[in-house]
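Below you'll find the structure, written out as structure tokens, and then a few comments.
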Amino acid sequence: SQQGEEDPQALSIQEGENATMNCSYKTSINNLQWYRQNSGRGLVHLILIRSNEREKHSGRLRVTLDTSKKSSSLLITASRAADTASYFCATGNQAGTALIFGKGTTLSVSS
Amino acid sequence: AAGVIQSPRHLIKEKRETATLKCYPIPRHDTVYWYQQGPGQDPQFLISFYEKMQSDKGSIPDRFSAQQFSDYHSELNMSSLELGDSALYFCASSFSGSGYNEQFFGPGTRLTVL
């Protein structure tokens, strides 16, 4: 069954604007990870936030985690055209042996 | 830094043929995972191996099998290929000692079944 659900499914913004993507999940987690995928390419690991963390930063990325609401958000500040990609959240399955991905948000940043 | 290597990057097969995909994990990573991503879909977990033993199994068809070898590389064998097997196949690796299942993905193999 789908662990992560993301919204919006698609997001179009201008360069310099901020982009926020949300992810919800169903079961308890040890951590939540965000990945980026350029069209038809590989998955690039962006950031991992542990279940005991509420917020984490990495460059222009800011991730929050609310375990009480079983949700996470990814904020990309001052977006660039190169940020155009699909973004997926992923959580571990109950055995901790695999990742379960959300449907992803397709971000388009126009210059 | 070394990344996960997958080969081939592209593969075209006919229906009912077989295919073998290879994955070379990041050095010192002991766990390998295989995922399948159909067009416009999210990646779906197929199977994983830890220290050469199968650790978990997802939505992998019975026509597919995989193994991890003594040098930790892994191969995904696909037989009786069907049109619906056309997808991107990703391998990922992780180090069990990190405790957080942080997986690093290879560039993928794009399989097209005609």
Side-chain angles (χ1 to χ4, degrees), chain A residues 1-10 21 23-53 56 58 63 65 72 85-107, chain B residues 1 3-7 9-10 23 26 29-51 53-60 66 68 86-112:
Chain A
S1 63
Q2 196 63 43
Q3 171 73 321
E5 298 290 337
E6 296 182 57
D7 77 272
Q9 290 188 346
M21 290 159 269
C23 166
S24 61
Y25 56 91
K26 296 176 183 175
T27 63
S28 60
I29 61 170
N30 173 270
N31 64 80
L32 185 144
Q33 304 178 42
W34 285 90
Y35 288 83
R36 183 186 75 219
Q37 183 179 36
N38 290 74
S39 180
R41 307 291 290 275
L43 289 151
V44 175
H45 187 272
L46 294 177
I47 197 166
L48 179 152
I49 186 166
R50 301 170 188 172
S51 59
N52 61 355
E53 296 177 310
K56 198 164 183 179
S58 177
V63 170
L65 179 64
S72 173
S86 292
Y87 292 82
F88 294 90
C89 70
T91 58
N93 62 356
Q94 287 189 339
T97 52
L99 289 177
I100 301 175
F101 286 83
K103 289 294 185 186
T105 293
T106 300
L107 174 66
Chain B
V4 176
I5 297 171
Q6 289 188 246
S7 68
R9 295 292 307 278
H10 302 272
C23 169
I26 292 172
H29 280 195
D30 50 15
T31 309
V32 169
Y33 314 79
W34 286 97
Y35 293 83
Q36 177 193 58
Q37 185 180 30
Q41 302 295 311
D42 53 293
Q44 295 289 320
F45 170 68
L46 293 178
I47 195 166
S48 61
F49 293 87
Y50 165 68
E51 285 290 345
M53 299 289 290
Q54 180 180 310
S55 56
D56 200 1
K57 196 171 181 179
S59 52
I60 184 169
Q68 186 180 31
S86 295
L88 266 171
Y89 290 84
F90 290 106
C91 171
S93 72
S94 69
F95 173 56
S96 61
S98 73
Y100 287 101
N101 194 22
E102 187 171 2
Q103 297 183 22
F104 296 87
F105 283 73
T109 293
R110 182 175 293 281
L111 172 66
T112 302

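Lettering of chains follows the sequences in order, A, B, ..., and the numbering in each one begins at 1.
More than 12 heavy atoms of other shown residues, nucleotides or ligands fall within 6.0 angstrom of atom CD in B/Gln54.
Remark: A/Phe88 engages no residue in a ring pair (Phe, Tyr, Trp, His ring centres under 6.0 Å) (not counting sequence neighbours).
Between the OH atom in A/Tyr35 and the CZ atom in B/Phe104 there is a gap of 7.5 Å [rounded to 0.5 Å]. With rounding to the nearest 0.5 angstrom, the CZ atom of A/Arg41 is 10.0 Å from the CZ atom of B/Phe90. To the nearest 0.5 Å, atom CD of residue B/Gln37 and atom CG of residue A/Leu43 are 6.0 Å apart.
You'll find the ring centres of B/Tyr35 and A/Phe101 inside the 6.0 Å limit.
Counting heavy atoms from C-beta on, the side chains of B/Phe105 and A/Leu99 come closer than 4.5 Å.
Contact between B/Gln103 and A/His45 at its shortest, heavy atoms only, is O-CD2, 3.9 Å. Of all non-hydrogen atoms in A/Gly102 and B/Asp42, the two that sit nearest each other are O-CB, 3.0 Å.
Residue B/Pro107 touches chain A through its backbone alone, counting heavy-atom pairs closer than 4.5 Å.
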